[in-house]
**Student:** 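Quick one: the structure is below, and I'll ask about it shortly.
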Protein chains: 2
Amino acid sequence: MGDLAGQAVDGTLYYLDYPQFERIRRTELPATERVALLADMCRLNTLYMIARAGSGHIGSSFSSMEIFSWLLLEELDIADNVKAAGDLFFSSKGHDAPGYYSVLMALGKLPFELIHKLRRIDGLPGHPDVGTPGMITNTGSLGMGISKAKGMVQANRLLKQEGRVMVLTGDGELQEGQFWESLASAVNHGLHEITAIIDHNKLQSDTFVKNVSDLGDLEAKLNAFGWRVARCDGNDVGALAATLAGIRDDARPKVIIADTVKGKGVSFMEHTSLDSDVAMYRFHSGAPDGPSYRRAAQELMDRLKLRVAELGLEPLEFEAIEREPTAPPPDTAQRLIPAYSRALLEQAAKHPNLVALDADLVLDTGLIPFRDQYPERFFECGIAEQDMVSMAGGMALKGLLPIVHSFACFLSARPNEQIYNNATEHTKIIYVGSLAGVVPGGPGHSHQAVRDISALAAIPDLTIVEPSCEAEVGPLLDWCINEAPGSCYIRLVSLPWETPYVLPASYRLEVGCGVALTPGEQVVVFGYGPVLLSQAVLAAQTLAMEGLAVKVISFPWLNRVDPTWLTGIVNGAKRIVCLDNQYLPAGVGSMLRAALAGVVNEDVELAMVGLTGVPPSGSNPQVLAEVGLDAAALVPIFSFGLVDE
Amino acid sequence: MGDLAGQAVDGTLYYLDYPQFERIRRTELPATERVALLADMCRLNTLYMIARAGSGHIGSSFSSMEIFSWLLLEELDIADNVKAAGDLFFSSKGHDAPGYYSVLMALGKLPFELIHKLRRIDGLPGHPDVGTPGMITNTGSLGMGISKAKGMVQANRLLKQEGRVMVLTGDGELQEGQFWESLASAVNHGLHEITAIIDHNKLQSDTFVKNVSDLGDLEAKLNAFGWRVARCDGNDVGALAATLAGIRDDARPKVIIADTVKGKGVSFMEHTSLDSDVAMYRFHSGAPDGPSYRRAAQELMDRLKLRVAELGLEPLEFEAIEREPTAPPPDTAQRLIPAYSRALLEQAAKHPNLVALDADLVLDTGLIPFRDQYPERFFECGIAEQDMVSMAGGMALKGLLPIVHSFACFLSARPNEQIYNNATEHTKIIYVGSLAGVVPGGPGHSHQAVRDISALAAIPDLTIVEPSCEAEVGPLLDWCINEAPGSCYIRLVSLPWETPYVLPASYRLEVGCGVALTPGEQVVVFGYGPVLLSQAVLAAQTLAMEGLAVKVISFPWLNRVDPTWLTGIVNGAKRIVCLDNQYLPAGVGSMLRAALAGVVNEDVELAMVGLTGVPPSGSNPQVLAEVGLDAAALVPIFSFGLVDE
């Protein structure tokens, strides 16, 4: 489910405008040839969107382009909306959204101008959202697709509506238990309306599926579950069409293993161009770099020109747009993930019983150095968070010290019961959730971890911490491993982030206590992590120039507060503001505010700023502004406007 | 995972004392015959424990008795403790704990006097807990077993320890996705040390597995996943022994499908005595009634006597204990589940788009009347909560109004991410979690739902409510369906509970507002649900006799509070106490306290009472006393002692 933030490509970017698609759609070619051409045209637009956005999933969009195209252009009679009768289609893996969008745009089913607004707040989310035309369900957290399709089919039956429901899944996605959990009742209830198509592109987030967690004999497995199984080349439109036609009347739920090529259509992005033991596939997520973009775009355009000429059609007209370079994150930006990699190696050297577990995010979670240095102590679990967490439980019972890694959004929620089960055994396990918080905003709500603190808040003896900067990563990990009375959850912002503060040289960690980053007395602001604290300090700097001193407190203890320290630090305050990089209910602000009850009197104004609704997908500044957490939004709250009282 | 509270059996109860087991273990019989006899002897003790406790799982304990007995007596060389080298064994289903305990006691590995203390606070928990000798991991929430075993094996390899790891699973348990999620890496890493034994007793909580969610061709499925699969009669000790020997040297992880009989050993408890379309198997959980107990005990004793005579051994000496009758819950007790059943039928009549989903707890969640009246609108999903919740998501997108049911402990945690995913689609779904709170105390921490409020607290637009009594069930369900702006989670106490209060006749639901059950001004107590409120009112009655009036507020809105109402209701209070039938962090008390910050001054004393550590398994009064939530514990807190300030 990897989703690293990337860098937008500058220079000339190319795409094909809507009239080109309209024209090709109306050509008299055989359907399969027409669709194949359109699919390849969509590749150029998908590449454009991702290059322009600076992030997105090329490999998986490209592998599924012929599937999207055939289904939407020829196979299905799509319902006007999800509630209506007619065929329904969605992608369960979800990170192929750019590919899907490009086909919808080619069909005129999605406003074409959105091509310029992938991962922008008024544009197209990084993963599917029902707010976008054509998207009938929200995906991006994996394994839910068949279950949702079953719900739609059962509803159709009850509502006496006709229609097939087609679901595209990934192959790495099949590591999720919910996929297998969902298969049985589809058979038992004879839900023949469902066809699942597995985009079997052989690679998942990090590398080859077979190297992460081999699926074994997939056909045998699916057959054993009682589904009608077919298999074909998923990048061959004719083969796909014939396979769909061949199974259409089967009374069982149906699944097609569509053998595809990850990155299909651009020679150096195709997985078949890689050694099968490649450590890391470069085009799963994130935009390509400039030279890669230009090579890829040129290859696509050259082939399209040739193909159009071969078919005797008028040449395609490519649109070109010039893009100014965007500044990369400065070298001075705080990079918590590399800092964590270093801290983990230090601890690993001291603790021979320390082991690390990963769920197919070895790059994003900073585990590559550990894996390279301690291969026997590294466990790649695949996209199987429940399994990973319970495995860690078993290891901890045997006396190991497991450190469990995934994105915060998944790690806190998918194995939520498993984390609690481990906690009831009173072993020590460290959970490390990266990609914490509302930014990066590009991937959208499936990946924005803004309820992990509350989801884990009541796990007994679990301490939740979040470092404010690189310098605090090592001490916090050290505390979790060597001092914490029980298990811990470490929340890490993944984005490189410029911080307008440094921790005071004298600062030492003390449980439940924070440290002031700026001086002040009348206004006291609590925050945690580089994103919140940067915005708070910037706001404080603005107000300092206006003569108002605002004390910004870095508070790394997300579910612990020392009441004596708290009472002291707010002494004399007229206004107290708690910031949350998560939903307000049951967040850190809620905990601090509860601790302040009976401590501060009615004349103290209390405000809480954090998320109140599902955050949008967008650029990082857009999203921070939208949820009211950027410096500009904080200035009036610090100074006079209260969000809440 | 059904776990209804039952009623202890009175009259004469029978068991076999430790010396009887010691003697039989030393007999010169062939091992398989000796083990078969001991297993049957353990049945009598298991029956005794459950009858005495008033609840427990007979069917699943009986079906697995030969498996437990052979493994522990002959097959395995059990490690001294989980950290040591040697063989390891545990039951993943966990509800067979009484059977497991009886074998450990027969072996002298568990103090024999604990036979009298099943589900008592200083005794044996309802589900396995590592605090009990012989229990190496906590189970009771299903599907985690293979994952944990894998962790143990990987740890053994790293620690250079030898030993097999054997896991007993249920068959209903195989509906959980985590089971399938856990299979792949065991094969990919060649974890031949693992042997899973599936106690394939054909029934799950409610009825036959095949009627709930048919497993299909189980052998084919397991073979397809690459495990070494064997099958035998799991109640035939010789067959089991031979099967284990036959697969022992296979280099793959191994699984034995042990065909067993649920309730094996007592004719009328054996599932083979039932019609295959029986609606409800009576001996999954809960104690048998008196006549059933006596018939079963007599049958077991008769057979044991006969068998011992056939084998030419000295007769067994049966211990008999007289038990006073315990009072059943009075007719006046509040029964929220039946009230919910009625309320649901009322709503269903008005809303043709209302559908109900269940996860193998149709009795416990009160769904039988709905299923009978609206079979086409009832969806039995099996023990597959993630699948159920995502199915509900698909149904809601199509315009249905899904009401999703399970125990609160499972529903809030296992599909935690799926509930959030649904919430991001802004559809309306009602989640109903029964068995909420810390009592019944018998089942133990896997079933005590004491972190569901916090786990769901930050789901956007989800309102969490809990009725205080039968009269409030209908109005709250009505509000959730017809008034709530988004989805809802209804938390239901399942135990019949005598309430020393009634809601005022004039009381009407108002979001975020509660109602006073007792008059008072200086001391204000907030609580919710019949368990908390009963104890609070009893404590208030005690104090009223001492001249202190305590205002107890029934507050059914677990994540909403109206600040104006709150300010008014605490006006004049010198002491405010918030009660939580969940862990304190991120509970209702925490929310109320946060809302009181800046409202009340330093001279108001604030206290919060709720869970701070993993609750014990025990009788209901024991558990309430232990966690400080019974009336006796509340009296001093209401009157002068503060837990927290």
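Proteins come first, then strands; the chains are lettered A, B, ... in the order of their sequence lines, and each starts at number 1.
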**Student:** Between the side chains of A/Glu417 and B/Asn416, does any donor sit under 3.5 Å from an acceptor?
**Tutor:** no
**Student:** Out of A/Leu158, A/Asp217, A/Val604, which one racks up the most heavy-atom pairs below 4.5 Å with chain B?
**Tutor:** A/Leu158
**Student:** Heavy-atom pairs under 4.5 Å with chain A: which of B/Leu397, B/Asn156, B/Leu611 has the most?
**Tutor:** B/Leu397
**Student:** Would you say the side chain of B/Ser141 lies within less than 4.5 Å of the side chain of A/Asn421, judging by non-hydrogen atoms?
**Tutor:** yes
**Student:** Between B/Asp214 and A/Asn188, is there a donor-acceptor pair closer than 3.5 Å when you use the side chain of the first and the backbone of the second?
**Tutor:** no
**Student:** Let's test your reading of the structure: which of A/Ile459, A/Ile146, A/Leu215, A/Asn559 forms the most heavy-atom pairs below 4.5 Å with chain B?
**Tutor:** A/Ile459
**Student:** Under a 4.5 Å heavy-atom cut-off, does chain B meet the side chain of A/Ala384, its backbone, both or neither?
**Tutor:** both
**Student:** So what's closer than 4.5 Å to chain B heavy atoms on A/Val450: side chain, backbone, both or neither?
**Tutor:** side chain
**Student:** Return the option, out of B/Ala392, B/Gly613, B/Ala594, B/Gly393, with the maximum number of heavy-atom pairs under 4.5 Å with chain A.
**Tutor:** B/Ala594
**Student:** Could you measure the distance from the NE2 atom of B/His189 to the OG atom of A/Ser213? Nearest 0.5 Å is fine.
**Tutor:** 7.0 Å
**Student:** Is A/Val212 close to chain B through its backbone or its side chain, or both, or neither, when contacts mean heavy atoms under 4.5 Å?
**Tutor:** neither
**Student:** So for A/Ala149, is it side chain, backbone, both, or neither that comes closer than 4.5 Å to the heavy atoms of chain B?
**Tutor:** neither
**Student:** Taking side chain as everything from C-beta outward and backbone as N, CA, C, O, which of these in A/Asn422 sits under 4.5 Å from a heavy atom of chain B? Side chain, backbone, both or neither.
**Tutor:** side chain
**Student:** If we only count heavy atoms from C-beta on, is the A/Gln386 to B/Glu176 side-chain gap below 4.5 Å?
**Tutor:** no
**Student:** For chain B, which of A/Ser147, A/Ala184, A/Ala224 has the most heavy-atom pairs under 4.5 Å?
**Tutor:** A/Ser147
**Student:** Where on A/Asn138 is there a heavy atom nearer than 4.5 Å to chain B: the side chain, the backbone, both, or neither?
**Tutor:** both
**Student:** Do you know which of B/Thr137, B/Val130, B/Val614 makes side chain to side chain contact (heavy atoms under 4.5 Å, CB included) with A/Thr424?
**Tutor:** B/Val614
**Student:** Tell me the closest heavy-atom pair linking A/Gln178 and B/Ser390, and the distance in Å.
**Tutor:** NE2-OG, 3.0 Å
**Student:** With chain B, which of A/His426, A/Met395, A/Gln161, A/Met591 has the greatest number of heavy-atom pairs at distances under 4.5 Å?
**Tutor:** A/Met395
**Student:** Just how far is it from atom SG of B/Cys381 to atom CD of A/Glu181, taken to the nearest 0.5 Å?
**Tutor:** 9.5 Å
**Student:** What residues, two or more places apart in sequence or in another chain, satisfy salt bridge (charged side-chain N to carboxylate O under 4.0 Å, His left out) together with B/Glu219?
**Tutor:** B/Arg231
**Student:** Sort out for me which of B/Pro415, B/Gly151, B/Ala79, B/Gly216 touches chain A most, counting heavy-atom pairs under 4.5 Å.
**Tutor:** B/Gly151
**Student:** Can you confirm whether the side chains of B/Asp387 and A/Ser182 place a donor and an acceptor under 3.5 Å from each other?
**Tutor:** no
**Student:** Does the side chain of B/Leu400 come within less than 4.5 Å of A/Leu159's, by heavy atoms?
**Tutor:** yes
**Student:** Can you tell which of A/Glu376, A/Gln418, A/Lys150, A/Gln175 has the highest number of heavy-atom pairs within less than 4.5 Å of chain B?
**Tutor:** A/Gln418
**Student:** Output the distance between atom OG1 (B/Thr612) and atom CG (A/Asp461), rounded to the nearest 0.5 Å.
**Tutor:** 9.0 Å
**Student:** With only heavy atoms counted, which part of B/Val153 is less than 4.5 Å from chain A, the side chain, the backbone, both or neither?
**Tutor:** neither
**Student:** Check whether A/Arg593 reaches the backbone of B/Ser590 with its side chain - one donor and one acceptor, N or O, closer than 3.5 Å.
**Tutor:** no
**Student:** Please round to the nearest 0.5 Å and tell me the distance separating atom CD of A/Gln154 and atom CZ of B/Phe379.
**Tutor:** 4.5 Å
**Student:** Under 4.5 Å from any heavy atom of chain B, what part of A/Asp603 do you find: side chain, backbone, both or neither?
**Tutor:** neither
**Student:** Of all of B/Glu425, B/Arg157, B/Glu380, B/Lys83, which one pairs up most often with chain A through heavy atoms under 4.5 Å apart?
**Tutor:** B/Glu425
**Student:** Indicate the atoms forming the closest heavy-atom contact of B/Ala458 with A/Ser454, along with that distance.
**Tutor:** CB-OG, 3.2 Å
**Student:** Shorter than 4.5 Å, heavy atoms on both sides: which option in B/Gly226, B/Pro352, B/Ala455, B/Ala220 has the most such pairs with chain A?
**Tutor:** B/Ala455
**Student:** Can you tell me which portion of B/Asp129 sits under 4.5 Å from chain A's heavy atoms? Options are side chain, backbone, both or neither.
**Tutor:** side chain
**Student:** Over all heavy atoms of both residues, which pair between B/Leu88 and A/Lys398 is shortest? Give the atoms and the distance, please.
**Tutor:** CD1-CD, 3.9 Å
**Student:** So, using side-chain hydrogen bond (donor to acceptor under 3.5 Å, both in side chains) as the criterion, who are the partners of A/Asp452 when residues are at least two apart?
**Tutor:** A/Tyr489, A/Arg491
